[in-house]
Undergrad: 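Have a look at the structure that comes next, please.
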2 protein chains.
Amino acid sequence: MKKLTLKDIASHFGVSISTVSKALKDSPEISEALKLKVQAFAEERNYRPNRIALNLLNKRTKAIGVIVPNILNYFFTQVFYGIEKTANSRGYSIISCISDESYKKEIQTVELLGSGIVDGLILSLSEETQAKDSMGHLKNLIKNRIPMVLFDRVTNKIDCDKVVVDDFEAGYKTTKYLLGTGCKKIAIVSAIFNSSVGKLRVKGYKKALEEAAQEFNDQCIVKVGKQDDLEVLISLLIADKEIDGIIALDEMTAVDTLNILKMKGVEVPNQISIVGFTNGRLSKYVTPALTMVSQHGQYIGELAANILIDRIEYEGRMPFTTKLVKTTLIERESTKKLKTGYDAPTA
Amino acid sequence: MKKLTLKDIASHFGVSISTVSKALKDSPEISEALKLKVQAFAEERNYRPNRIALNLLNKRTKAIGVIVPNILNYFFTQVFYGIEKTANSRGYSIISCISDESYKKEIQTVELLGSGIVDGLILSLSEETQAKDSMGHLKNLIKNRIPMVLFDRVTNKIDCDKVVVDDFEAGYKTTKYLLGTGCKKIAIVSAIFNSSVGKLRVKGYKKALEEAAQEFNDQCIVKVGKQDDLEVLISLLIADKEIDGIIALDEMTAVDTLNILKMKGVEVPNQISIVGFTNGRLSKYVTPALTMVSQHGQYIGELAANILIDRIEYEGRMPFTTKLVKTTLIERESTKKLKTGYDAPTA
DNA sequence: TTGAAAGCGCTAACAG
DNA sequence: CTGTTAGCGCTTTCAA
């Protein structure tokens with residue numbers, strides 16, 4: 001039984017296709033008798049209007065495209081979940097693609113989604129795209145008037161709505177917090193040094209040091225490449241016995257760092273404190289449980305989806321907005337207690 | 001600048017639509033001069049053929065729909081990743097939906113995806129759907145000849161391709177393994193007792209007990225509902241001092257059980273051993289690291305995608321297959337060493 | 001109360 | 001070499 005069309009139903013009853021269309025819509029133009037027959041038949045044969053045809057007709061698809069660099073990263077999984085949830089509740093479906101942190105794949109994907117199959121697009125730049133800093137593919141999208149929301153990893157080369165984590169403030173706040181617990185020399189371990197996000201956090205860190213009249217030391221920024229052995233890098237880092245605080249810019253790195261320190265007999269948090277970014281599923285369960293910075297991934301997804309759909313549905317030219325989502329520090333056992341005289345971070 | 005169509009280009013050059021179409025395809029029918037002009041213009045104005053129109057014309061979308069019950073579950077994230085990867089490499093994009101373990105949402109989603117926007121469908125049943133055991137929505141899909149692959153949580157009410165974990169064997173193997181390490185009384189803690197998957201694992205467990213001439217005891221199957229307090233249930237369970245092995249049917253439950261036991265001063269694995277299902281990101285990092293059953297999520301995703309696309313592209317009626325994917329036991333520190341005389345499980 | 005025709009954007013067969 | 005036509009499945013005037 002091939003997929004049923006209006007044509008099939010029409011010829012089955014010997015009426016015209018527009019009559020069937022109206023009958024199925026319960027139009028008052030059509031006689032009750034015919035309507036009943038047609039509807040019953042459609043029901044029985046499980047007729048569904050072809051959405052592609054409707055999309056072509058209406059010039060909208062009620063779908064939004066989502067491109068994330070890496071779905072195995074829990075932050076992106078959370079954002080994705082948030083997007084799916086709110087899009088769905090507003091009647092939109094999601095076409096999802098993974099750029100795999102690759103510039104080339106991001107371009108392909110953007111081209112694909114830009115060719116009419118979605119009404120709008122939510123994306124976070126791949127690492128490679130940010131490193132290359134070339135945004136031609138997104139410019140094309142803008143040219144073609146396809147609404148777009150950038151989140152987390154954004155660029156100022158593109159003028160569109162954005163939802164970003166306040167990473168500068170997060171870096172600042174986290175550093176101040178560690179200082180407040182008595183840390184004297186704080187290092188950063190980053191596996192995302194190329195991304196806008198990583199850079200902002202380091203900036204915030206520097207500002208906090210400055211305010212504390214501490215000198216910034218380049219040795220304290222550990223850049224972890226894909227090929228690098230974290231253990232070696234950490235060994236090198238803690239050869240400097242003054243290091244007593246580490247900020248890890250993603251959850252995996254935080255957990256790995258913790259384990260390496262434990263293996264080396266370093267006491268956490270007594271000798272070295274650790275704070276990690278992205279409050280995922282791991283950090284709560286390791287021992288000691290890690291103090292983490294939560295970026296509220298699901299909320300970011302919801303926000304991005306709402307902004308996008310608003311823009312899709314409200315044709316008027318509202319100015320582009322950039323929403324700054326504050327992070328929250330979740331204190332657990334990998335950091336010491338705050339000394340008095342420091343303002344606790346607020347949610 | 002609105003989205004450019006062939007019509008726009010045609011009227012710009014005062015030629016016909018089909019001429020432009022051919023020119024853009026570099027057809028030998030068209031003069032070099034015109035081709036060059038048209039192509040240059042299209043390039044400059046960033047012309048992209050409307051995919052929706054092509055979809056309507058070709059009656060295929062080169063997209064496949066994926067419905068997972070819960071993307072925050074790492075197993076499904078992995079499967080999803082596998083699907084996306086191989087679909088993409090074969091030129092397909094993914095439309096993804098989350099059923100959120102809800103029967104109603106699953107129906108909606110299936111209806112949506114069944115209305116022509118995808119060439120085929122990959123899905124895993126929601127918990128509620130399995131509990132209700134009503135598959136009308138899938139039957140409709142089959143009626144409409146939409147290719148479908150069911151994975152992990154499947155039903156025998158529907159005749160289609162399937163990819164399932166060999167959960168019976170996994171339950172059997174895991175139980176035998178625990179027995180082999182010297183456990184005498186093994187319990188199961190399940191938060192998925194309604195699902196086909198959970199039931200099969202319990203079946204395998206029973207068979208292993210039988211072979212070891214052990215009596216099955218209903219008290220040893222702990223069913224954890226959404227509202228239940230795991231701590232209470234575990235307390236009740238280990239009130240039976242003979243319990244010395246626990247199989248947890250998902251990763252969260254495994255980790256939680258471990259923590260509860262630790263809190264209660266129970267030594268793992270000396271007093272009680274734990275094996276968990278789904279080798280995700282947590283189990284490796286808790287202390288002691290958990291011995292887990294890996295279901296090879298990414299591989300399952302790849303397999304499902306390949307089967308589906310084969311079926312989409314190869315119209316011939318090949319018989320439906322059910323692929324059984326074996327699990328692998330990953331031994332870590334939450335179980336004791338195997339005694340000799342037991343055949344170690346193989347990958 | 002029903003039907004014919006146009007059109008969404010595109011391709012392909014067929015004419016000129 | 002270029003244009004006309006028909007059609008993918010549907011909705012929506014407008015005409016009968």
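None of these values were measured; they are calculated from a predicted model.
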Undergrad: Restricting to non-hydrogen atoms, name the atom on B:D152 and the atom on B:V197 that form the minimum distance, rounded to 0.1 Å.
TA: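 Closest pair (atom of B:D152, atom of B:V197, distance): O-CG2, 3.4 Å.
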Undergrad: Under 4.0 Å between a side-chain N/O of B:T19 and OP1 or OP2 of D:dG3, yes or no?
TA: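 For B:T19, the contact criterion (side-chain N or O under 4.0 Å from OP1 or OP2 of D:dG3) is met.
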Undergrad: Using OP1 and OP2 only, check whether a side-chain N or O of B:K59 sits under 4.0 Å from D:dG7.
TA: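 Answer no for this pair, as no side-chain N or O of B:K59 is under 4.0 Å from OP1 or OP2.
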Undergrad: Quickly work out the B:L56 CG to C:dT11 P distance and round it to whole Å.
TA: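 Atom CG in B:L56 sits about 12 Å away from atom P in C:dT11.
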Undergrad: Once you round it to whole Å, what is the distance between P of C:dC10 and CG of B:L24?
TA: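 After rounding, the reported distance stands at 9 Å.
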Undergrad: With a 4.0 Å cutoff (strictly under), does any side-chain N or O of A:K7 reach OP1 or OP2 of D:dC8?
TA: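 So the side chain of A:K7 is within the cut-off, an N or O lying under 4.0 Å from OP1 or OP2 of D:dC8.
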Undergrad: Which sits closer to the 5' end of DNA chain D, B:E29 or A:N50, going by the nucleotide each is nearest to?
TA: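 Comparing both residues, the 5'-ward one is B:E29.
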Undergrad: Round to a whole Å and report the spacing from CD1 of B:I30 to C1' of C:dG16.
TA: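 Whole-Å distance recorded here is 14 Å.
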Undergrad: Please tell me if B:S31 has a side-chain N or O lying less than 4.0 Å from either OP1 or OP2 of D:dT2.
TA: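 True: B:S31 side-chain N/O within range (under 4.0 Å) of D:dT2 OP1/OP2.
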Undergrad: For A:Y47, report the nucleic acid contact type (base, sugar-phosphate, nothing); a contact means any heavy atom under 4.0 Å.
TA: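 A:Y47: backbone/sugar contact only, no base atoms under 4.0 Å.
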Undergrad: Among B:F80, B:F76, B:Y74, find the residue that satisfies the side chain to side chain contact (heavy atoms under 4.5 Å, CB included) test when tested with B:Q78.
TA: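 So, applying the side chain to side chain contact (heavy atoms under 4.5 Å, CB included) to B:Q78 and each of B:F80, B:F76, B:Y74, only B:Y74 qualifies.
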Undergrad: Figure out the NZ/C1' separation between B:K3 and C:dC10, and round it to whole Å.
TA: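 Going from NZ in B:K3 over to C1' in C:dC10 covers 12 Å.
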Undergrad: Stepwise, does the salt bridge (charged side-chain N to carboxylate O under 4.0 Å, His left out) test hold for B:K105 with A:E84?
TA: CA-CA 12 Å; B:K105 218 182 146 196; A:E84 210 278 344; 3.3 Å; yes
Undergrad: State whether A:K25 places a side-chain N or O below 4.0 Å from either non-bridging phosphate oxygen (OP1 or OP2) of D:dT11.
TA: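 Answer is yes, contact under 4.0 Å.
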Undergrad: Given atom CG of B:N55 and atom P of C:dC8, what is their separation to the nearest angstrom?
TA: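 Value for this atom pair: 18 Å.
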Undergrad: When you get a sec, tell me which of C:dG9, C:dG3, D:dC10 is the closest nucleotide to the side chain of A:S16?
TA: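 Among C:dG9, C:dG3, D:dC10, the one nearest the side chain of A:S16 is C:dG3.
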Undergrad: Quick one: A:I52 CD1 to D:dT11 P, roughly how many Å, whole number?
TA: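 Computing the A:I52:CD1 to D:dT11:P distance gives 14 Å.
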Undergrad: Which of the following nucleotides, C:dT2, C:dT11, C:dA13, is nearest to the side chain of B:K22?
TA: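 Ranking C:dT2, C:dT11, C:dA13 by closest atom to the B:K22 side chain puts C:dA13 first.
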Undergrad: Could you check whether B:E302 and B:Q298, counting side-chain N and O atoms only, form a donor-acceptor pair closer than 3.5 Å?
TA: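 There is such a pair (donor and acceptor under 3.5 Å, judged by atom type) between the side chains of B:Q298 and B:E302.
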Undergrad: Below 4.5 Å, heavy atoms only, C-beta onward: do A:T129 and A:M135 meet side chain to side chain?
TA: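 Of all side-chain heavy-atom pairs linking A:M135 with A:T129, at least one is under 4.5 Å.
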Undergrad: Compare the minimum distances between each of D:dG9, D:dT11, C:dC10 and the side chain of A:A53, then state the nucleotide with the smallest one.
TA: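 Nearest listed nucleotide: D:dG9.
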Undergrad: When you get a sec, tell me which of D:dG9, C:dT2, D:dT11 is the closest nucleotide to the side chain of A:L54?
TA: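 Closest nucleotide to the A:L54 side chain: D:dT11.
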Undergrad: Can you check the B:I9 CD1 to C:dC10 P distance for me, whole Å?
TA: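 After rounding, the gap between these two atoms is 8 Å.
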Undergrad: Kindly indicate, with the supporting measurements, whether the criterion salt bridge (charged side-chain N to carboxylate O under 4.0 Å, His left out) is fulfilled by A:R60 and A:E313.
TA: CA-CA 10 Å; A:R60 11 173 238 120; A:E313 298 188 342; 5.8 Å; no
Undergrad: OP1, OP2 of C:dT11 versus side-chain N and O of B:S21: anything below 4.0 Å?
TA: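 Result: yes.
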Undergrad: Can you tell me the distance, in whole Å, between the CZ atom of B:R48 and the P atom of C:dT11?
TA: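 Nearest whole value for this atom pair: 14 Å.
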Undergrad: Would you say the side chain of A:S18 and the base of C:dA4 hold a donor-acceptor pair, judged only by whether the two atoms sit under 3.5 Å apart?
TA: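 Such a pair is found, so the answer is yes.
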